[in-house]
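Scroll down for the structure; my scribbles are underneath it.
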Amino acid sequence: MERKVQNFDFVLHLYSSNPTEHACVLILQSKVSWIEKTFHKRDCVQIIPSSREPHRCLPGCQICQQLVRCCCGRLIRQHAYYASGASPSGAENIQESERWTADRHTVKSSTDSFGTINFQCGSHGYKAKFVRLSNDSKVEDILQLMIKEWHMKKPNLLISVHGGMQKFELHPRFKEAFGKGFVKAAVSTGAWIFTGGTNNGVAAHIGDAIKEYASRLTHNICIIGVAPWGIIEGRQDLIGNNVMAPYQTLLSPLSKLHVLNNLHSHFLLVDDGTVGRSGGEMNLRRELESKTSLQQFHATNDRRVPMMALILEGGPKTILTVLEYLQQSPPVPVVVCDGTGRAADLLAYVYKHTESSG
């Protein structure tokens, strides 16, 4: 007799030493899921102080464990092996001059965080699929996860949203017009929408548009948040294999981290071994968007998935992102929302005042 429960197989074997006596042996066999086998997390295993002050204390100095911060963003005592009481080979020798990189100073192991986020935000029980994955994950594996494991509908359009990461306001009339148009375009085309996933800046405005103008019947819009694992407030609550994780969206005013936006349907939480830093997810996001746009999802034709970029507000990095899209072959169309501030307004002004000759 065999019975499967979540990630384990319970196999019950019956045997007897004589015809009148029976005994039962319960054998617990671990069943490792495809997600655990395929995706990984990263942990920093080499301390390189971020301060330029030379470290003169003996290894294990209690004061330095509380004050010295590694280039990965963690205090010495916050490294995983310190919490476990272990010390990997060479980790006790704090390096001063070496430049920290994820490839050289972190180790990968099977992901320990995937499942469903259950947002705790009033009467609306929004849920989203999520996975913690390494910044060098294979795009082919991510697409298999999204389509075969998460059963996402294949896209007819990709919309990549970029702009300000911090809170910014939109004019009420623009916000209303933008929200209605954005939701109509997303629903009518069956688009996949990529954002930064956190509840601030441009991603929060996308969430507001979905909340305000997408009915419950159309709330199956695929909004994929690609966010750095290390900047997520409450990320420890997400640890577990195939978990249903309750998640609070309230953020302390003193916190430098970010909460996830509850209107997203899926989250790819990219782990490059750092905490408190963004940017390590962008290469994987660009590669995922690019290779997704090259897919031929529909057997009836050989048409690939069209892609466009949408810009609201933003800073210098947003301008560089626009340049990268326009330099691709073929160029990715970019829609800039004039009047949203900063980078978007600058791009709109330059476009309006550039002569046809360039």
> According to a 4.5 Å side-chain heavy-atom criterion applied to Ile, Leu, Val, Met, Phe, Trp and Tyr, with indirect links allowed, do I35 and L268 form part of one hydrophobic cluster?
Replying inline: yes
> Considering all heavy atoms of both residues, which atom of P228 and which atom of E281 are nearest to each other, and what is their separation?
Replying inline: CG-OE1, 3.1 Å
>> With a 4.5 Å cut-off on side-chain heavy atoms, are V334 and L347 touching?
In response: no
>> Are I311 and L326 connected into the same hydrophobic cluster when the rule is that any two of I, L, V, M, F, W, Y join if their side-chain heavy atoms are below 4.5 Å apart?
In response: yes
>> Tell me whether Y247 contacts the main-chain N or O of K127 through its side chain, where contact means a donor paired with an acceptor under 3.5 Å.
In response: no
> Which heavy atom in G207 sits nearest to a heavy atom in L263, and how many Å separate them?
Replying inline: O-CG, 3.4 Å
>> Please tell me whether E324 and T321 have a donor and an acceptor in their side chains that are separated by less than 3.5 angstrom.
In response: no
> side chain to side chain contact (heavy atoms under 4.5 Å, CB included) between M152 and H266: does it pass, once the steps are laid out?
Replying inline: CA-CA 9 Å; M152 293 173 62; H266 304 82; 3.4 Å; yes
> With hydrophobic residues grouped by side-chain heavy-atom distances under 4.5 Å, do L284 and M165 end up in a single group?
Replying inline: no
> Any salt bridge (charged side-chain N to carboxylate O under 4.0 Å, His left out) pairs touching residues 129-139, not counting sequence neighbours?
Replying inline: R42-D136, K108-D136, D112-R132, R132-D271
> How would you list, by chain and number, every residue that makes a side chain to side chain donor-acceptor pair (under 3.5 Å) with E313, sequence neighbours excluded?
Replying inline: R342
> Is the closest basic N to carboxylate O distance between K175 and D208 below 4.0 Å?
Replying inline: yes
> Minimum heavy-atom separation for L257 to I232, with atom names?
Replying inline: CD1-O, 4.1 Å
> Are L158 and M282 grouped together when hydrophobic residues (ILVMFWY) are joined by side-chain heavy atoms under 4.5 angstrom apart?
Replying inline: no
>> Between S265 (side chain only) and I223 (backbone N and O only), is there a donor and an acceptor less than 3.5 Å apart?
In response: yes
> Just by distance, do the side chain of E212 and the backbone of A209 share a donor-acceptor pair under 3.5 Å?
Replying inline: no
> Can you list the residues that meet the ring pair (Phe, Tyr, Trp, His ring centres under 6.0 Å) rule with F130, with sequence neighbours excluded?
Replying inline: none
> Which residues satisfy the ring pair (Phe, Tyr, Trp, His ring centres under 6.0 Å) test with F267, sequence neighbours excluded?
Replying inline: H264
> Short question: side chain of T189, backbone of A185 - any donor-acceptor pair under 3.5 Å?
Replying inline: yes
>> So that I know where these two stand, are H205 and F168 an aromatic pair - ring centroids less than 6.0 Å apart?
In response: yes
> Does the ring center of F39 lie less than 6.0 Å from the ring center of W34?
Replying inline: yes
> Nearest 0.5 Å, what's the CG-CZ distance between N242 and F114?
Replying inline: 5.5 Å
> Hey, does P331 have a side-chain heavy atom less than 4.5 Å from the side chain of Q328?
Replying inline: no
>> Just to verify, what does H151 make a ring pair (Phe, Tyr, Trp, His ring centres under 6.0 Å) with, not counting sequence neighbours?
In response: none
>> Listing request: all salt bridge (charged side-chain N to carboxylate O under 4.0 Å, His left out) pairs with a residue in residues 223-241, at least two apart in sequence or in separate chains.
In response: none
> side chain to side chain donor-acceptor pair (under 3.5 Å) with H258: which residues, sequence neighbours excluded?
Replying inline: N200
> Within the side chain of S293, is there an N or O that forms a donor-acceptor pair under 3.5 Å with the backbone of S290?
Replying inline: yes
> Under 6.0 Å between ring centres, would you say that holds for Y126 and F119?
Replying inline: no
> Do L312 and L170 pass the side chain to side chain contact (heavy atoms under 4.5 Å, CB included) test, and can you show the C-alpha distance, the side-chain angles, and the key distance before you say yes or no?
Replying inline: CA-CA 9 Å; L312 286 85; L170 295 176; 4.1 Å; yes
> What distance separates H79 NE2 from C70 SG, expressed to the nearest 0.5 Å?
Replying inline: 4.0 Å
> Applying the side chain to side chain contact (heavy atoms under 4.5 Å, CB included) test to W229, which of V275, L269, N135 qualifies?
Replying inline: L269
>> Walk me through whether K291 and E140 qualify under salt bridge (charged side-chain N to carboxylate O under 4.0 Å, His left out).
In response: CA-CA 8 Å; K291 290 194 175 181; E140 293 78 10; 3.5 Å; yes
> Pairs in or reaching into residues 238-252: which pass salt bridge (charged side-chain N to carboxylate O under 4.0 Å, His left out), with residues at least two apart or in two chains?
Replying inline: none
>> Tell me every residue that passes side chain to side chain donor-acceptor pair (under 3.5 Å) with S160, counting only those two or more places apart in sequence or in another chain.
In response: H162, R285, E289, Y325
>> Assess the residue pair N241 and V243 against the criterion (side chain to side chain contact (heavy atoms under 4.5 Å, CB included)); give the C-alpha distance rounded to whole Å, side-chain angles, the decisive distance to 0.1 Å, and a yes or no.
In response: CA-CA 5 Å; N241 294 343; V243 296; 5.7 Å; no
> Looking only at heavy atoms, which two atoms of D272 and W100 are closest? And how far apart?
Replying inline: O-CH2, 3.8 Å
>> H105: which residues meet the side chain to side chain donor-acceptor pair (under 3.5 Å) condition with it, sequence neighbours left out?
In response: E98
>> Do K41 and S109 have side chains that approach each other closer than 4.5 Å (heavy atoms only, starting at C-beta)?
In response: yes
> For C337 and L310, what are the C-alpha separation, side-chain angles and deciding distance, and is it a side chain to side chain contact (heavy atoms under 4.5 Å, CB included)?
Replying inline: CA-CA 8 Å; C337 296; L310 181 64; 3.8 Å; yes
> Could you state the interatomic distance from CD1 (I221) to NZ (K153), rounded to the nearest 0.5 Å?
Replying inline: 12.0 Å
>> Parallel, tilted or perpendicular: which one describes the rings of W192 and F194, with boundaries at 30° and 60°?
In response: perpendicular
> Going from CE on M307 to CG on L294, what distance comes out if it is rounded to the nearest 0.5 angstrom?
Replying inline: 10.0 Å
> Can you name the closest pair of heavy atoms from R99 and I48 and give their distance?
Replying inline: C-CD1, 4.2 Å
> In terms of heavy-atom contacts, does CZ of F174 have more than 12 from other residues, nucleotides or ligands at under 6.0 Å?
Replying inline: yes
> Hey, is the main chain of S137 close enough, under 3.5 Å, to the side chain of S134 for a donor-acceptor pair?
Replying inline: no
> Taking only residues two or more places apart in sequence or in another chain, which ones pass side-chain contact (heavy atoms from CB on, under 4.5 Å) with S188?
Replying inline: none
>> Just to verify, which of T198, T195, N199 counts as forming a side chain to side chain donor-acceptor pair (under 3.5 Å) with N261?
In response: N199
>> Using 0.5 Å steps for rounding, measure from the CD1 atom of I76 to the CD1 atom of I47.
In response: 4.5 Å
> M308, L320: one ILVMFWY side-chain cluster at the under-4.5 Å cut-off?
Replying inline: no
> D345 and T340: which non-hydrogen atoms are nearest, and at how many Å?
Replying inline: OD1-N, 3.2 Å
> Is there a donor-acceptor contact under 3.5 Å from the side chain of Q120 to the main chain of N118?
Replying inline: yes
>> For residues 331-341, which residue pairs pass the salt bridge (charged side-chain N to carboxylate O under 4.0 Å, His left out) check, not counting sequence neighbours?
In response: D338-K352
